Amino acid sequence: MPKLKIAPSILASDFGRLAEEIEGVVEAGADWIHVDVMDGHFAPNITIGPPVVAALRRYCNVLMDVHLMITDPDAYVEDFANAGADLITFHVEAARHPHRLITKIKQLGCQAGLVLNPGTSHDEIEFLVDAIDMVLLMTVNPGFGGQQFIPEMLPKIRHVRDMLGDRDLEVDGGIDQTTAPLVVEAGANVLVAGSYIYGSDSYLEAIESLKAAGRD
Ligand code: DX5
Ligand code: ZN
């Protein structure tokens, strides 16, 4: 399995101090920064767009992982690539021509990943999997931080690990000290965590406790 990586989601950080909040988790050992982009249509929440990503890029010296939860990802990937995204993931449920969009993201110089909602089968990516760099499996429904992990996602993680070989398999939603060992055992190696990390008194201890899941 590829190296375990921790990707704090800035959705749970203090939005008034975003730059410091990024630097804080990077100093505490974060491997990636996870940026949740929502448009109020695909997901029932509105978060941040390309200008904010561009501004934060200057304070982020690790991989910037941009998770698009928007209805028309094709129309915006170029803006996010220009803003400095390293990895762009989009929902297979939202894209009209996902294979074409994967190609476009790569042509823009970014890594490309597909995201599956909890209710979407891994079968949806059977014929796309060779084209992508990684997969992100939602372990909650998109929209908000602080939701409960959906345990039915564990068998899906196992299936997708078999499909991906040694590429990255990221999970997002409800990841904490208790659920991290379960998803890692099932085959996930990139752990997104928002409220668990940003809600803790010590970012260092929170990130360390997630990394410990990979050592068991
Ligand atoms: C949910 C977002 C997540 C969210 C995770 O729609 O994609 O990245 O920030 O938050 P926690 O870790 O609090 O479940
Ligand atoms: Zn996310």
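Numbering of residues begins at 1 and proceeds along the displayed sequence. Atoms within each ligand, like the ligands themselves, are counted from 1 in listed order. Everything numeric in this text was worked out from a predicted model, so none of it was measured.
- Side chains of Ser209 and Gln177: a donor-acceptor N/O pair is absent below 3.5 angstrom, by distance only.
- With sequence neighbours excluded, the residues that form a side chain to side chain contact (heavy atoms under 4.5 Å, CB included) with Ala95 are Pro73, Phe90, Pro98, Leu101.
- At the shortest separation from atom 10 (O) of ligand 1 among protein heavy atoms lies Gly145 CA, 3.4 Å.
- Inspection of the Thr179 and Tyr196 side chains reveals no N or O donor paired with an N or O acceptor under 3.5 Å.
- Interface atoms of ligand 1 facing Gly173, defined by a heavy-atom separation under 4.0 Å, are 14 (O).
- Ranking protein heavy atoms by distance to atom 14 (O) of ligand 1, first place goes to Gly174 N, 2.8 Å.
- Partners of Phe15 according to the side chain to side chain contact (heavy atoms under 4.5 Å, CB included) rule, which considers only residues two or more places apart in sequence or in another chain, are Leu11, Ser13, Leu18, Ile48.
- Counting protein heavy atoms only, atom 12 (O) of ligand 1 is closest to Gly194 N, 2.7 Å.
- Salt-bridge check for Arg158 with Glu185: passed, with a basic side-chain N closer than 4.0 Å to an acidic carboxylate O.
- Between atom NE2 of residue His91 and atom CG of residue Asn117 there is a gap of 5.0 Å, rounded to the nearest 0.5 Å.
- Take a cut-off of 2.8 Å around the Zn ion (ligand 2): the protein N, O or S atoms inside it are His34 NE2, Asp36 OD1, His67 ND1, Asp172 OD2.
- The distance criterion of under 3.5 Å between nitrogen or oxygen atoms is not met by Ile175 with respect to ligand 1.
- Every ring-ring contact (aromatic ring centres under 6.0 Å, His included) that His159 has, sequence neighbours left out, goes to His122.
- Looking at Tyr196 against ligand 1, nothing comes within 4.0 Å, counting heavy atoms.
- Annotation for ligand 1: atoms under 4.0 Å from non-hydrogen atoms of His34 are 8 (O).
- Atom 3 (C) of ligand 1 has as its closest protein heavy atom Asp172 OD1, 2.9 Å.
- In summary, the side chains of Ser9 and Asp36 do present a donor paired with an acceptor at a separation below 3.5 Å, with no hydrogens or angles considered.
- Remark: ligand 1 atoms within the under-4.0 Å shell around heavy atoms of Met38 are 6 (O).
- Residues Ser121 and Leu116 come closest through the heavy atom pair O-CD1, 3.9 Å.
- The pair Lys3-Asp168 does not meet the salt-bridge criterion, since no charged nitrogen lies less than 4.0 angstrom from a carboxylate oxygen.
- In terms of protein heavy-atom proximity, atom 1 (C) of ligand 1 is closest to Phe144 O, 3.6 Å.
- Contacts with ligand 1 closer than 4.0 Å are made by heavy atoms of both the backbone and the side chain of Ser195.
- Asp74 and His97 are not linked by any side-chain donor-acceptor pair at a separation below 3.5 angstrom, with hydrogens and angles left out of the test.
- Taking both residues in full, the closest heavy atoms of Ala7 and Glu170 are given as CB-OE2, 4.2 Å, listed atom of the first, atom of the second, then distance.
- At least one N or O atom of Gly143, backbone or side chain, sits closer than 3.5 Å to an N or O atom of ligand 1.
- Side-chain contact annotation: Asp65 with His67, donor-acceptor N/O pair under 3.5 Å absent.
- Side-chain contact check for Tyr203 and Glu21: at least one donor-acceptor pair (N or O, by modelled atom type) lies under 3.5 Å.
- In the vicinity of Ala193, heavy-atom distances shorter than 4.0 Å reach the ligand 1 atoms 12 (O).
- If you check which protein heavy atom lies closest to atom 9 (O) of ligand 1, you get Ser9 OG, 2.8 Å.
- Considering backbone and side-chain N/O atoms, Asn141 never comes within less than 3.5 Å of an N/O atom of ligand 1.
- Near Asp36, the atoms of ligand 1 lying under 4.0 angstrom from a non-hydrogen atom of the residue are 2 (C), 3 (C), 4 (C), 7 (O), 8 (O), 9 (O).
- Asp86 and Arg57 are joined by a salt bridge, as a carboxylate oxygen and a charged side-chain nitrogen come within less than 4.0 angstrom of each other.
- Considering backbone and side-chain atoms together, Met69 places no N or O closer than 3.5 Å to any N or O of ligand 1.
- The distance from ligand 1 to the heavy atoms of His67 drops below 4.0 Å at these ligand atoms: 7 (O).
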